[in-house]
Amino acid sequence: MATPTQAPTNVPQEPDPFYYDYDTVQTVGMTLATIMFLLGILIIISKKVKCRKEDSSPTCKSCKSELPSSAPGGGGV
């Protein structure tokens with residue numbers, strides 16, 4: 001039977017780098033997902049509103065982009 005010859009010393013343990021507070025991770029993730037979702041909706045809506053304002057003008061370059069091949073009378077290969 002083996003017996004220790006020295007008393008065990010208390011070594012300060014380092015915190016485990018792979019320990020995660022899953023409640024905080026989940027809360028932060030859901031918050032960021034919600035913010036990005038709403039930001040995407042706002043960007044889409046702002047582009048549509050901008051196009052509607054400019055739609056009364058004869059050319060709305062941000063909404064109606066014509067390819068050269070779709071122009072009447074040319075552009076085909």
Can you tell me how far the CE atom of Met30 sits from the CD1 atom of Ile35, to the nearest 0.5 Å? 11.5 Å
Gap between atom CE of Met36 and atom OG1 of Thr31 - 0.5 Å precision: 10.5 Å
Does Ile44 have any side-chain contact (heavy atoms from CB on, under 4.5 Å) partners at least two apart in sequence or in another chain, and if so, which? Lys48
Should Ile45 and Leu38 be counted in the same cluster of Ile, Leu, Val, Met, Phe, Trp and Tyr side chains packed under 4.5 Å apart? yes
Which of Leu39, Ile41, Thr34 passes side chain to side chain contact (heavy atoms under 4.5 Å, CB included) with Phe37? Answer is Ile41
